[in-house]
Peer 1: 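Here's a structure for you.
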Amino acid sequence: MFREVQRFLGESWADFQRQFAGSLRSDIPLLEKANRFLLDHGGKKVRPTFTLLVAKALSGRCDGQVIDCAVATELIHTASLLHDDVVDKAQTRRGVPTMASLYSPTTAVLLGDYWLSKAMALLVDIPDKRVLHIFCKCLGDLAEGEMIQQERAIKGDTTEENYLNIIYHKTTSLFEAAMLAAAYGVDASVEEISCVQRYAYHVGQAFQMRDDMLDYSPDLSLGKPTGQDILERKITLPLLSLFACAPKSVSREIRRRMKNPDAEFVFDVFTQIARYHAMDYAQGRLEAEVNQAIEALAPLPGSQAKTHLENMAGQMAVRTA
Ligand code: FPP
Ligand code: MG
């Protein structure tokens, strides 16, 4: 699906790919080697796909500034994952060892800083300061999201409201910046900006909800170990769904044991999730978010790009990677 959209974006996508790879050349051998590894094991590039597609849907074009924003978005995303794998002490990502495990946590953090600096170098040259503002807000949100998540994990008592706030900060804020930057780049109207913001909000929330469901889905989750969130004491959509579906006594017991999780506890939670059909409940919650994203696009005129935006939102509910 993402590939199909990237093909539709044609030359704009090729420009993005070239500029993204080119922005990471370095004369320092360690940087060059680490960057090469990260480029070779990159992800789906979902966020820059949205950036270019939003620009196409609003104006039919993707010019240099929009491509710069798409590159900055992917650079920031990669930097945040480098830092996140240190925070989470993750050994693998996308089925390959993390930078922190291949080199060291220090190297991973510095590499993240480097990618972040490359993103800022692109953004600072864009005359429309709304772009720099939205990305700076997002950087603050990413760090705040991680902090709120840690705070809730230590307390062990995340509510649904806390959860929605955490995922907005740690994930949605970058989707929002990626798509608003595109809208600013093509001089979108106030109404169009508001449509894009609503769409980005629901897509971002849905993306992270699906990510959190994959952590409970050993059959679907490719390249990532499952049950990690429970071990890190993170209460996410599947557990919140279990609390909504199971009797109070079950929820109370799980919340109590959540403060001291181990592999046996993960097994027990997975059993209760299956017993009370909590994943179906979670999927319903996720699909409601996707529907709201699609509805947000209603005022935009019909086009192939808009259809792709609708399908991309739909993909958030079913993606397995
Ligand atoms: C992945 O979440 C992590 C994020 C979406 C954000 C991480 C942000 C930071 C560590 C703050 C630092 C920010 C910058 C700009 C360098 P996850 O752990 O739930 O997902 P995962 O399963 O993919 O690891
Ligand atoms: Mg992580």
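Everything numeric here is computed off the predicted structure, so don't read it as measured data. These numbers come from the heavy atoms of this one structure, side chains and all, not from hydrogens, waters or symmetry mates. Counting starts at 1 for both ligands and their atoms, in listed order.
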Peer 1: Apply side chain to side chain contact (heavy atoms under 4.5 Å, CB included) to residues Leu116 and Leu75 and explain how you reach the verdict.
Peer 2: CA-CA 6 Å; Leu116 198 51; Leu75 289 167; over 6 Å; no
Peer 1: Can you sort out the partners of Glu232 under side-chain hydrogen bond (donor to acceptor under 3.5 Å, both in side chains), two or more places apart, ordered by chain and number?
Peer 2: Lys234
Peer 1: Could you check which of Lys170, Met147, Glu144, Glu146 puts a non-hydrogen atom nearest to atom 8 (C) of ligand 1?
Peer 2: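 That would be Glu146.
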Peer 1: Could you tell me, atom by atom, which parts of ligand 1 come under 4.0 Å of a heavy atom of Thr171?
Peer 2: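 Heavy-atom distances to Thr171 below 4.0 Å select 5 (C).
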Peer 1: In ligand 1, which numbered atoms sit nearer than 4.0 Å to a non-hydrogen atom of Lys234?
Peer 2: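 It comes down to these atoms of ligand 1: 18 (O).
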Peer 1: Are Tyr201 and Met179 connected, step by step, through hydrophobic side chains (Ile, Leu, Val, Met, Phe, Trp, Tyr) whose heavy atoms are closer than 4.5 Å?
Peer 2: no
Peer 1: Does Arg319 qualify as a cation-pi partner of Phe207, given the criterion of NZ or CZ under 6.0 Å from the six-membered ring centre and within 45 degrees of its axis?
Peer 2: yes
Peer 1: May I ask you to list the protein N, O or S atoms found at less than 2.8 Å from the Mg ion (ligand 2)?
Peer 2: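 Correct list: Asp84 OD2, Asp88 OD2.
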Peer 1: So, Arg210 and Glu287, do they make that salt bridge, N to O below 4.0 Å?
Peer 2: no
Peer 1: Of Lys56, Arg61, Arg18, which meets salt bridge (Lys or Arg N to Asp or Glu O under 4.0 Å) against Glu11?
Peer 2: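 Checked Lys56, Arg61, Arg18 against Glu11; only one passes salt bridge (Lys or Arg N to Asp or Glu O under 4.0 Å): Arg18.
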Peer 1: Using the rule given for side chain to side chain contact (heavy atoms under 4.5 Å, CB included), can you reason through Tyr216 versus Leu237, listing the C-alpha separation, both sets of side-chain angles and the distance that settles it, and then say yes or no?
Peer 2: CA-CA 10 Å; Tyr216 283 69; Leu237 184 64; over 6 Å; no
Peer 1: Taking the basic N atoms (NZ, or NE/NH1/NH2) and the acidic carboxylate oxygens, is any pair closer than 4.0 Å for Arg7 and Glu4?
Peer 2: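 Not counted as a salt bridge, because no side-chain N and carboxylate O are separated by less than 4.0 Å.
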Peer 1: Would you mind telling me if ligand 1 is within reach of the side chain of Asp113, the backbone, both or neither, using heavy atoms under 4.0 Å?
Peer 2: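 None of Asp113 does.
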Peer 1: Step by step, work out the side chain to side chain contact (heavy atoms under 4.5 Å, CB included) result for Leu81 and Arg94.
Peer 2: CA-CA 11 Å; Leu81 292 186; Arg94 300 172 186 141; 3.4 Å; yes
Peer 1: Going by the order shown, which atoms of ligand 1 are within less than 4.0 Å of some heavy atom of Arg93?
Peer 2: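 Those atoms are 21 (P), 23 (O), 24 (O).
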Peer 1: Any carboxylate oxygen within less than 4.0 angstrom of a Lys/Arg side-chain nitrogen, looking at Glu160 and Arg285?
Peer 2: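 Salt bridge flag = yes for Arg285 with Glu160.
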Peer 1: So which of Asp85, Asp215, Thr98, Leu142 gets nearest to atom 13 (C) of ligand 1, if we judge by its closest heavy atom?
Peer 2: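 Heavy atom nearest to atom 13 (C) of ligand 1 belongs to Leu142.
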Peer 1: Which one holds for Asp84 and ligand 1: side chain close, backbone close, both close, or neither close, with close meaning a heavy atom under 4.0 Å?
Peer 2: both
Peer 1: Just jot down the ligand 1 atoms closer than 4.0 angstrom to any heavy atom of Leu139, in number order.
Peer 2: 15 (C)
Peer 1: Relative to the heavy atoms of Gln208, which atoms of ligand 1 are at a distance of less than 4.0 Å?
Peer 2: 19 (O)
Peer 1: Could you tell me which atoms of ligand 1, counted from 1 in the order shown, lie closer than 4.0 angstrom to a heavy atom of Asp88?
Peer 2: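 Taking each heavy atom of Asp88 in turn, ligand 1 has 18 (O), 24 (O) under 4.0 Å.
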Peer 1: Does the separation of the ring centres of His277 and Tyr281 fall below 6.0 angstrom?
Peer 2: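 No.
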